[in-house]
Amino acid sequence: MSDLKSVLGEAVEAAFAAIGAPPELGRVTPSDRPDLADFQSNGALAAAKRLGKNPREIATAVAAQLAGDPRLASVEIAGPGFINLKLGDAALSDRSNVIAADPRAGAETVAHARKVIVDYGGPNVAKPMHVGHLRASIIGESIKRLYRFRGDEVIGDAHFGDWGYQMGLLIGAVMDENPEIRAFVEVLNELPEPLGDTEFFLADDPRATVFDTVSLADLDRLYPEAAAKGKSDTDYRDRARKITAALQTKQPGYYALWQRFRDVTRVALERDFHALGVDFDWWKGESDVEHLITPMVAELDAKGLLVDDQGARIIRVAKEGDKRELPPLLVVSSEGSAMYGTTDLATILDRKQAFGPDLVIYCVDQRQADHFEIVFRAAYQAGYAAEGQLEHIGFGTMNGTDGKPFKTREGGVLKLNDMIEMTRTKARERLHEAGLGEDLTPGEFEDIAGKVAVAALKFADLQNFRGTSYVFDLDRFTSFEGKTGPYLLYQAVRVKSLLRRASDEGAQAGPVTVSEPAERDLVLTLDAFDAALTEAYDKKAPNALAEHAYRLSQAFSKFYAACPIMQSEPATKASRLTLAATTLRQLELALDLLGISTPERM
RNA sequence: GCGCCCGUAGCUCAACCGGAUAGAGCAUCCGCCUUCUAAGCGGACGGUUGCAGGUUCGAGUCCUGCCGGGCGCGCCA
């Protein structure tokens with residue numbers, strides 16, 4: 001660690017050690033009182049308790065140790081025993097030159113890289129994505145990027161919901177609607193052997209083209225109807241279950257039709273996710289672990305983990321010291337089928353075999369906390385993962401302005417695409433109002449509107465701590481003022497414009513010399529990047545990074561208002577151009593880790 | 001009933017192993033564009049951190065109880 005906080009921390013820790021106090025108490029933090037100091041150490045207060053001495057006495061002794069440090073402009077004792085540190089301009093200048101020369105803008109990497117899987121997004125076949133998928137995607141994408149940036153080997157897995165009862169429902173519904181499809185499915189189903197890959201039959205059979213007529217719109221339309229009918233109509237439900245069971249044995253007709261569902265859905269989903277700046281490394285589906293379930297159940301049985309209970313086969317996961325009795329993991333239902341948790345367990349096994357992760361992060365709604373606790377305990381018992389390698393990162397729900405889960409005006413669930421389009425529309429309106437974009441090509445204008453919309457959506461989400469629910473107010477975040485994504489983009493674009501102008505005029509960047517208060521603040525903020533990253537990484541909390549990006553933008557904006565650049569003396573101009581360029585690099589890095597990309601102009 | 005999470009300014013949210021005067025944005029009010037993008041900058045106003053106890057030199061943060069809200073609790077995923 002070479003940021004000022006760490007470097008000063010080492011100096012203060014040494015001073016603590018020199019006076020016989022526990023060195024770890026010398027920890028340094030950014031000052032709570034910027035009017036008094038840049039950094040502070042509260043360690044004298046804690047040391048006083050341990051050593052039985054007056055805290056101010058200890059602080060004074062520590063300050064005496066630090067007195068000669070050339071980096072410090074002042075060391076003062078305040079209040080009950082706070083040690084206030086103020087840096088000299090030279091130390092700040094040195095630090096900013098180091099950050100300026102660093103392609104990572106002051107960000108460190110982890111000492112020991114791990115293999116990490118981030119499980120997020122969770123789209124399903126046939127069910128259109130709704131606002132609930134937004135948080136999983138936004139937060140998961142940010143965590144994936146953050147971990148990768150810190151040096152871990154990371155895989156983002158969409159964990160595609162492509163298997164189960166809803167597939168049986170949908171197959172039945174499509175066959176009901178289209179007799180040609182029904183006929184061909186039945187022909188295929190009569191084939192002698194259930195084969196996994198039906199491509200062989202479909203390749204040169206002209207009748208197979210009927211499958212191509214099934215569109216995502218058809219699935220979107222048919223699924224809600226079928227789901228509703230399945231709830232009220234027993235016969236309909238039974239048929240769907242039979243089809244589901246047959247699909248799971250890969251009966252060729254059903255399997256071929258299912259493949260069409262899966263493919264047509266995935267293409268659309270990938271396009272939608274990409275527009276949001278969300279891209280997965282793996283699109284492993286529940287179907288991909290289906291073949292592991294039977295042997296896994298046998299193995300669990302052999303290990304003595306399975307217990308018969310009320311006709312089902314379960315794994316008990318309750319532990320000594322639990323505050324309540326956690327329900328068991330239901331592995332095989334009384335009807336003999338695999339359950340939600342069974343698939344999750346098989347997925348853990350599959351990931352262990354395919355990648356051997358040190359850590360799997362599940363970025364899923366907080367309401368599933370119990371479910372994951374149960375699955376994880378079962379996985380630990382089975383030896384599919386080591387204790388602590390599986391972690392559920394829950395997030396709160398996105399609510400409407402009434403405080404209840406977000407709904408459309410008509411009371412339905414808002415589709416994700418509709419929400420994104422609404423936001424883009426607002427972004428276009430706002431750009432027009434501001435008189436921007438008139439000299440742009442339509443393509444460029446659309447690109448900017450898209451980036452503004454994504455920034456607005458993502459920053460509105462990521463500035464909140466993930467664990468709490470938050471109110472999503474379209475009118476509020478589309479106002480594009482204050483602490484918003486578009487504000488951050490605006491600051492980045494302003495720097496780009498400045499640097500373009502400097503380039504046109506042939507102005508060169510040069511070494512940084514800090515003197516103005518706004519410059520000091522900007523450098524101190526630049527220096528805090530690594531601490532923000534560390535916090536976001538350790539707590540799996542991108543809001544720490546979002547906060548840093550905002551503070552950096554604000555610090556730059558103040559600097560920009562207070563310190564003329566192009567009109568200043570050559571050395572000052574060179575110094576300030578370096579500060580501007582460094583700010584831009586760090587801001588774009590931070591925004592990229594939030595999944596937000598910046599346009600060249602706006 | 002049991003369990004988990006939450007309660008901070010009019011609104012939406014922050015707050016670094018417990019630390020000084022609890023911070024931002026929005027809203028309201030007052031200033032700043034003949035000079036680098038005003039989607040900006042400066043300033044003002046706004047708080048018994050749900051309530052009551054406890055631990056501590058020090059509590060929004062830890063402990064206990066209560067009030068209020070959200071969510072979960074084996075054969076859906």
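Labels below follow one simple rule: chain letters A, B, ... track the order of the sequence lines, proteins then strands, and each chain is numbered from 1.
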query = Is the closest side-chain heavy-atom distance between A:Glu516 and A:Phe559 below 4.5 Å?
reply =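 Result no, sub-4.5 Å side-chain heavy-atom pair not found.
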
Full working for salt bridge (charged side-chain N to carboxylate O under 4.0 Å, His left out) between A:Glu57 and A:Lys53 = CA-CA 7 Å; A:Glu57 235 172 80; A:Lys53 286 189 182 173; 5.6 Å; no

query = If you look only at pairs with a residue in residues 449-468 of chain A, which of them pass as a side chain to side chain donor-acceptor pair (under 3.5 Å), with sequence neighbours excluded?
reply =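 Checked against side chain to side chain donor-acceptor pair (under 3.5 Å) - neighbours excluded - the pairs reaching residues 449-468 of chain A are A:Arg135-A:Asp461, A:Asp447-A:Lys451, A:Asp461-A:Tyr470.
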
How far, in whole Å, is [M] from [N] if one measures between their [atom1] atoms?
{"N": "B:C32", "M": "B:G46", "atom1": "C1'", "answer": "24 Å"}
{"N": "B:C57", "M": "B:G25", "atom1": "P", "answer": "38 Å"}
{"N": "B:A27", "M": "B:C36", "atom1": "C1'", "answer": "31 Å"}
{"N": "B:C13", "M": "B:G60", "atom1": "C1'", "answer": "14 Å"}
{"N": "B:G53", "M": "B:U48", "atom1": "C1'", "answer": "16 Å"}
{"N": "B:U34", "M": "B:A24", "atom1": "C1'", "answer": "34 Å"}
{"N": "B:U37", "M": "B:C29", "atom1": "C1'", "answer": "27 Å"}
{"N": "B:C2", "M": "B:U64", "atom1": "P", "answer": "16 Å"}

Set of side-chain hydrogen bond (donor to acceptor under 3.5 Å, both in side chains) partners for [X], sequence neighbours left out:
{"X": "A:Asp301", "result": "A:Arg313"}
{"X": "A:Arg239", "result": "A:Asp176"}
{"X": "A:Asp322", "result": "A:Arg377"}

Secondary structure string for RNA chain B (Watson-Crick or G-U under 3.5 angstrom, | for other-strand pairs) = (((((((..((((.....[...)))).(((((.......))))).....(((((..]....))))))))))))....

task = Name the orientation class of the two ring planes belonging to A:Tyr487 and A:Tyr550 (parallel below 30°, tilted from 30 to 60°, perpendicular beyond 60°).
result =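 Because their plane-to-plane angle lies in the 30° to 60° range, the rings of A:Tyr487 and A:Tyr550 count as tilted.
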
key: A:Phe16: partners by ring pair (Phe, Tyr, Trp, His ring centres under 6.0 Å), with sequence neighbours left out   =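 For A:Phe16, no residue satisfies ring pair (Phe, Tyr, Trp, His ring centres under 6.0 Å) once neighbours in sequence are set aside.
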
message = Tell me every residue that passes ring pair (Phe, Tyr, Trp, His ring centres under 6.0 Å) with A:Phe39, counting only those two or more places apart in sequence or in another chain.
response =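 A:Phe39 satisfies ring pair (Phe, Tyr, Trp, His ring centres under 6.0 Å) with no other residue.
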
task = Would you tell me whether A:Ser557 and A:Arg494 have side-chain atoms, one donor and one acceptor, within less than 3.5 Å of each other?
result =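 Present: a donor and an acceptor within the cut-off.
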
query = For residues A:Ser31 and A:Asp38, is any side-chain donor paired with an opposing acceptor at under 3.5 Å?
reply =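 The answer is no; no qualifying pair exists.
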
Which atom pairs, donor and acceptor, lie under 3.5 Å between side-chain atoms of residues 561-571 of chain A and protein residues at least two apart or in another chain?
from	atom 1	to	atom 2	distance (Å)
A:Ser568	OG	A:Ile565	O	2.6
A:Ser568	OG	A:Lys573	N	3.4

ask   = Base, backbone or nothing for each nucleotide of nucleotides 54-59 of chain B, written B, S, -, heavy atoms under 4.0 angstrom, 5' to 3'?
value = --SBB-

ask   = With the sugar-phosphate defined as primed atoms, P, OP1 and OP2, and the base as all remaining atoms, what B/S/- string results for nucleotides 60-68 of chain B, 5' to 3', for protein heavy atoms under 4.0 Å?
value = ---------

message = Between the base of B:A24 and the ring of A:Tyr550 - centre-to-centre under 5.5 Å, planes within under 30° - is that a stack?
response =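 The ring of A:Tyr550 is not stacked on B:A24.
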
Is there a side-chain polar atom (N or O) of [X] under 4.0 Å from OP1 or OP2 of [N]?
{"X": "A:Lys558", "N": "B:G42", "result": "yes"}
{"X": "A:Asn399", "N": "B:U12", "result": "no"}
{"X": "A:Arg494", "N": "B:A39", "result": "no"}

Report the distance from atom [atom1] of [X] to atom [atom2] of [N], rounded to the nearest whole Å.
{"X": "A:Leu489", "N": "B:G40", "atom1": "CG", "atom2": "P", "value": "12 Å"}
{"X": "A:Leu330", "N": "B:A77", "atom1": "CG", "atom2": "C1'", "value": "13 Å"}
{"X": "A:Arg56", "N": "B:A20", "atom1": "CZ", "atom2": "C1'", "value": "12 Å"}
{"X": "A:Arg430", "N": "B:A38", "atom1": "CZ", "atom2": "P", "value": "14 Å"}
{"X": "A:Leu8", "N": "B:C16", "atom1": "CG", "atom2": "P", "value": "21 Å"}
{"X": "A:Phe472", "N": "B:C13", "atom1": "CZ", "atom2": "P", "value": "12 Å"}

ask   = Taking the six-membered ring for Trp, are A:His392 and A:Phe376 ring centroids under 6.0 Å apart?
value =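 No, the ring of A:His392 stays outside the 6.0 Å limit from the ring of A:Phe376, centre to centre.
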
query = Can you check whether A:Tyr120 and A:His133 have ring centres sitting under 6.0 Å from each other?
reply =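 Centroid distance A:Tyr120-A:His133: not below 6.0 Å, so no.
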
Decide yes or no, distance alone: a donor-acceptor N/O pair under 3.5 angstrom between the base of [N] and the side-chain of [X].
{"X": "A:Asp32", "N": "B:A22", "answer": "no"}
{"X": "A:Ser334", "N": "B:C75", "answer": "yes"}
{"X": "A:Gln463", "N": "B:A14", "answer": "no"}

message = If you assign each of A:Ser333 and A:Ala369 to its closest nucleotide in RNA chain B, which residue comes earlier from the 5' end?
response =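 The residue mapped nearer the 5' terminus is A:Ala369.
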
task = Among the candidates B:G19, B:G40, B:A14, find the nucleotide nearest to the side-chain atoms of A:Thr468.
result =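 The nucleotide sitting nearest to the side chain is B:A14.
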
message = Looking only at the side chain of A:Tyr490 (C-beta and beyond, no hydrogens), which of the listed nucleotides B:C16, B:G74, B:U37 gets closest?
response =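 For the A:Tyr490 side chain, the nearest candidate turns out to be B:U37.
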
Return all side-chain donor-acceptor pairs below 3.5 angstrom for residues 495-503 of chain A, not counting sequence neighbours, or 'none' if the list is empty.
from	atom 1	to	atom 2	distance (Å)
A:Lys496	NZ	A:Glu588	OE2	3.0
A:Lys496	NZ	A:Thr598	OG1	3.2
A:Lys496	NZ	A:Pro599	O	3.1
A:Lys496	NZ	A:Glu600	OE2	3.0
A:Arg500	NH1	A:Glu600	O	3.3
A:Arg501	NE	A:Glu505	OE2	3.3

Could you list the protein-to-nucleotides 69-73 of chain B atom pairs, N/O on both sides, closer than 3.5 Å?
from	atom 1	to	atom 2	distance (Å)
B:G72	O2'	A:Asp370	OD2	3.4

